[in-house]
Protein chains: 2
Amino acid sequence: MPADTAKKPSRIQLKNRGIILDAALDVFSTHGFRGATLDQIAEAAGLSKPNILYYFGGKDDIHRTLLNALLDVWLAPLVEMTDTDDPLDAIMDYVHRKLEMSWEMPRESRLFAGEVIRGAPRMATDLETGLKPLFDEKCALIQRWVDDGRIAQVSPAHLIMSIWAVTQHYADFEAQVGVLVGSGSQDDARAHVDAMFRSLLTP
Amino acid sequence: MPADTAKKPSRIQLKNRGIILDAALDVFSTHGFRGATLDQIAEAAGLSKPNILYYFGGKDDIHRTLLNALLDVWLAPLVEMTDTDDPLDAIMDYVHRKLEMSWEMPRESRLFAGEVIRGAPRMATDLETGLKPLFDEKCALIQRWVDDGRIAQVSPAHLIMSIWAVTQHYADFEAQVGVLVGSGSQDDARAHVDAMFRSLLTP
DNA sequence: CCAATTTTTGACCGTTTGGTAAACGATTGC
DNA sequence: GCAATCGTTTACCAAACGGTCAAAAATTGG
């Protein structure tokens, strides 16, 4: 009897856990943890509720599993931003990667956003142990670039913050963006975001 | 028997409706509509559940009341951005007002954000009839400024979008901002946001 | 003061919630 | 082929949910 992954998972276990997590991502990202129900997830997954509880310990377990997998994916682009000959390009690459991720993984973006909006009660430790060190490291890197005069003078922390803000906005507020500018203008958005951070960072 | 405000509300009615709406704003902004419960609202308001349903028709009624009042407040700063001798100042004033609003009314910001993240099912019409016309009008205004060469060339729609993104971020993602840069650095944030949009808009 | 009205409350109802028990199929290993 | 395991379902909880109702308390107007 699974629920915890103590032993090697069979093919069918792997498949169904995947189906459930995908369905749960749909539901949790649109309704939040409290607003989501196991029945919704079960219906979206095409499985019965008890069958879902056969693969996961409970609602919390599914949610926790999603969040744990999310942070790694979410921070991967930032990890890749390392020291280089062309700091401006490194930062702009990061911006573009993050923007692309918002369009390709809007559910993940909304899951993360919803969790932080609620005060991140189930992510507090992950934020401290996983995000904070990486964030500080990258801030120091950017600060060095600033000190060397290779990019304009900016607050590294707030720069990263505003990159997150702008890129995530296109995923999290898709409903609003769609009504106001139409969902199809990704090229315009890319050009605008590029111009914004380029003008800010060019010495 | 109230629930609808057909006649003149007494002082006690006005007070209790206010208390309830304030408590509901707390609960709805942190848990979303589906995640919020009447018992939570009742406890936060210091009233009994039936007493709350004496003043409002139901959970939906409270939520709808909050949303209706919100959009006006939320768009007020944008309404005030009108044609002027100094377009850059007008936009920067708007940015600063919006930023201030995020710090002074984080609950309203989160209520709005949460609703839009969920696809804005209860705001679709308000978005179309209330927000869209204003948005288009202000886009046209900014476009005129651009065409006259009084500010740099930007996409008005995406400019407004990114102003919303950055300013709301400080309210909606307060939990994250608090962990990473500390909640106290409002001056740094103000300076950064100012520099960002100023560099983008200066011809 | 008292009667009419307004406000508050405790008890309750039908439904939905997360979760369980056990029996029922399906697979697998030998 | 067959027992042992794995996977699924039916039937069911107890608690929490949004909401109702009638009676009690508090307020108001004369």
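It should be emphasised that the depicted structure is a prediction, and the values quoted were computed from it without experimental measurement. So that the names make sense, note that chain A is the first sequence line, chain B the second, and so on, each numbered from 1.
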Report yes if a side-chain nitrogen or oxygen of [X] is closer than 4.0 Å to either non-bridging phosphate oxygen (OP1 or OP2) of [N]; otherwise report no.
X       : N      : value
A/Tyr55 : D/dT8  : yes
A/Ser48 : D/dT9  : yes
A/Tyr54 : D/dT8  : no
A/Asn16 : D/dT8  : yes
A/Asn51 : D/dT9  : yes
A/Arg34 : C/dG18 : no
A/Gln13 : D/dG7  : yes

Answer yes or no: is there an ion pair linking A/Lys132 with A/Asp136, defined by an N-O contact shorter than 4.0 Å?
yes
Would you call A/Asp60 and A/Arg122 a salt bridge, using N to O less than 4.0 angstrom?
yes
Do B/Lys49 side-chain and D/dG18 base share a donor-acceptor contact under 3.5 Å?
yes
Closest to the [X] side chain: [options]?
X       : options                : answer
B/Asp39 : D/dT10, C/dT9, D/dC17  : D/dC17
B/Lys59 : D/dT10, C/dG18, D/dG18 : D/dG18
B/Leu38 : C/dA21, C/dG18, D/dG18 : D/dG18

By the 4.0 Å heavy-atom rule, please label A/Ala36 as base, sugar-phosphate, or nothing.
sugar-phosphate
Which atom pair, heavy atoms only, marks the closest approach of B/Arg107 to B/Ser29?
O-CB, 3.4 Å
Validate the cation-pi geometry between B/Arg118 and B/Phe33: distance from NZ or CZ to the six-membered ring centre under 6.0 Å, angle to the ring axis within 45°.
no
Round to the nearest Å and state the distance from [X] atom [atom1] to [N] atom [atom2].
X       : N      : atom1 : atom2 : value
B/Arg17 : C/dT7  : CZ    : C1'   : 15 Å
A/His31 : C/dT16 : NE2   : P     : 16 Å
B/Leu53 : C/dA11 : CG    : P     : 18 Å
B/Lys15 : C/dT7  : NZ    : P     : 11 Å

By nearest nucleotide on DNA chain D, pick out whichever of A/Ile52 and B/Thr37 is the more 5' one.
A/Ile52
For atom CG of B/Asp85, decide whether the heavy atoms of other residues, nucleotides or ligands shown that lie under 6.0 angstrom number more than 12.
no
